[in-house]
Amino acid sequence: MIMMIAFYIFAAILLGSAALVVSARNPVHSVLFLILAFFNAAGLFLLAGAEFLAMILVIVYVGAVAVLFLFVVMMLDVNFAQLREGFQRYAPIGATVGLVLFAELAMVLGGWRVAPGITALRAAPMPAGMQNTAALGDLLYTHNILLFQLAGLVLLVAMIGAIVLTHRDRRTSRRQVIARQMARSVAETLELVAAPLGAGVAPGEFRRPKPLEEAAAPHPVAPHQGEGH
Amino acid sequence: MSEFFATPLGLVVLMVLETLAILVPLLLGVAYATYAERKILAAIQLRKGPNVVGWWGLLQAFADAGKMLMKETIIPTGANRVLFLLAPMITFVLAMIAWAVIPVNDGWAVAKINVGILYLFAISSLGVYGIIIAGWASNSKYAFLGAMRSAAQMVSYEVSIGFVMVSVLLCVGSLNLNDIVLAQRHIWFFIPLFPMFVVFFISGLAETNRSPFDLPEGESEIVAGFFVEYSAMAFALFFLGEYANMFLMSAMTSILFLGGWLAPFGIAPFTWLPGPIWFILKILLCMFVFIWVRGTFPRYRYDQLMRLGWKVFLPLSLFWLVLTAGVLMATGWLPGGAA
């Protein structure tokens, strides 16, 4: 009884917030509704007894992915009036695309054949006496380890690809090399000068600490580079 | 009496009582944590600290709470009203609901769920929303800068916290917090996993935005970061949430590494004290270190903070995770599929 009520509450909020994701005027509100939708999906997972999936959904999607979404969307500078301008002109195209997608989905659903014996599995999705975390681990890491590793490799390639595409080594950027800073000794960085009374030290005599690689070629009063602190 | 608690109404009453039994001491603890922090910082800096309200200033926290209640909640022009008021509530509520799964003694938790540690991780990773939403809804550049810093920082340090948790879980063989504590009967995990303990504690400082990782607040650069625009009770909720999160981090450290409610050594003079007392003592010890760190270290610079998270902690915790798994496999100590 309580499970039923909870199911309908979660499902109703899930659908409602999913609708609001696409219809909200403010993109930040959209992302927040998306987060609410994730939460309710996690609630549905919990009701289905998939506690591990529910928690992972919250950790991965809400805790990490949606934070980045929110981050990007908050920094966007979107002009909504401009976005809405061509709505009527593009509506037929959008509707056509939607219809095609819908037809495809319907075909997939129509051609769906349920494997024999699968309904029996639904009654007891997990091996008896096994928790759902252990069951998932068994499935992923013991029986389908190759697929799991391949999926991991695909993600790794995607990550490296993203870094290669966006990373640009600018020569002008000042980078801190902590090892180099720590390798300095007092003798290289500190110089005691006996200043004559009343005369002081002329600027040329006073040398700033040199970067290590230039230490061979003395260059007084040179503003040091690449050694930001 | 016991048959009353078996009826549906009785179950609800029992649930409310259990919740109160954990939240009331927590909130009192939070109130006195603010007082303790001021006293300890004062002692570090050779000052007296609050000593006017009540005996030795003991009622200072309540005087502050009264002041906050009396003040006006100011909502800045151009702020998003709903989100502006929602943000402190999210922070506070998240800091409270995480306590549902914390076991204070063997089997003493409000919710005894099998994925307790994941629940804690999920809740602590949600903490960033209160801050981002506050920063954005305030419509102020300082608040927004604070929110962005906080988002980047919390997401970065969560990664190493996750790996630390996984290496603890490898030694336990269960995601249940109760099992995690019971697995430490022979040896507390901070001894075999010492580097992970250090990484976890420092990441905990970063996760709760505490000094030396308090860049999201950064009074000297961005005024007070994400809660610049907040006043009165909205501010108080952030404040309470921050301290409750510190307590939560301390409780997580105690459960994962310091043996939860277990007495050290498990022999006579130590076992005289009941479990919850040991648990509270461990939490207080961690809290003291939190405050001690604040009184001792200067604030990190932003790029150093990122470097520490991604270039030091992440490789270290990943390496230690693989090492733990390897050692457990090689020695055959792997807890065999505790289902």
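Values below: all heavy atoms of this structure, side chains included; hydrogens, waters and symmetry mates excluded. Letters A, B, ... are given to chains in the order of the sequence lines, protein chains preceding strands, and every chain is numbered from 1.
- Shortest non-hydrogen contact noted between A/Gly63 and B/Ser125 is CA-OG, 3.8 Å.
- In this structure, A/Val58 and B/Tyr119 have side chains that are not in contact, with every pair of non-hydrogen atoms separated by 4.5 Å or more.
- Between the side chain of B/Tyr129 and the backbone N or O of A/Val67, at least one donor-acceptor pair lies under 3.5 Å.
- Note that CD of B/Gln304 and CD1 of A/Ile178 are 6.0 Å apart. Values are rounded to the nearest 0.5 Å.
- Atoms CZ and CD1, on B/Phe121 and A/Ile56 in that order, are 8.5 Å from each other to the nearest 0.5 Å.
- Remark: B/Phe84 CZ is packed, more than 12 non-hydrogen atoms of other residues, nucleotides or ligands lying under 6.0 Å away.
- With a 4.5 angstrom heavy-atom cutoff, B/Ile132 touches chain A via backbone and side-chain atoms both.
- Rounded to the nearest 0.5 angstrom, B/Ile90 CD1 and A/Leu32 CG are separated by 7.5 Å.
- Rounding to the nearest 0.5 angstrom, the gap separating the CG atom in B/Asn114 from the CE atom in A/Met55 is 11.0 Å.
- Within a 6.0 Å sphere centred on CZ of A/Phe71, heavy atoms belonging to other residues, nucleotides or ligands number more than 12.
- Proximity to chain B is limited to the side chain of A/Ile35, based on heavy atoms less than 4.5 angstrom apart.
- When the shell of 6.0 Å around CD1 of A/Ile2 is examined, it contains 12 or fewer heavy atoms from other residues, nucleotides or ligands.
- For B/Leu83, the part lying under 4.5 angstrom from a heavy atom of chain A is the side chain only.
- Looking at B/Leu175, the atoms closer than 4.5 Å to chain A (heavy atoms on both sides) all sit in the side chain, from C-beta outward.
- Enclosure of atom OH in A/Tyr61 is not indicated, since only 12 or fewer non-hydrogen atoms of other residues, nucleotides or ligands lie within 6.0 angstrom.
- Side-chain contact between B/Asn80 and A/His29: present, with at least one pair of heavy atoms (C-beta onward) separated by less than 4.5 Å.
- Of the two parts of A/Val60, neither the backbone nor the side chain holds a non-hydrogen atom closer than 4.5 Å to a non-hydrogen atom of chain B.
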Next item on the list: Check the pair B/Trp136, A/Val73 against side chain to side chain contact (heavy atoms under 4.5 Å, CB included), reporting the backbone distance first and the verdict last.
Entry: CA-CA 11 Å; B/Trp136 183 77; A/Val73 164; over 6 Å; no

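- In this structure, A/Phe10 places its CZ atom where more than 12 heavy-atom neighbours from other residues, nucleotides or ligands lie under 6.0 Å away.
- Residue B/Lys112 places its NZ atom among more than 12 non-hydrogen atoms of other residues, nucleotides or ligands, all under 6.0 Å distant.
- Looking at A/Leu57, neither its backbone nor its side chain comes within 4.5 Å of chain B, counting heavy atoms on both sides.
- Interface remark: A/Ala66 contributes backbone and side-chain atoms alike to the contact with chain B (heavy atom separation under 4.5 Å).
- With a 4.5 Å cut-off on non-hydrogen atoms, A/Phe52 touches chain B through its backbone and its side chain both.
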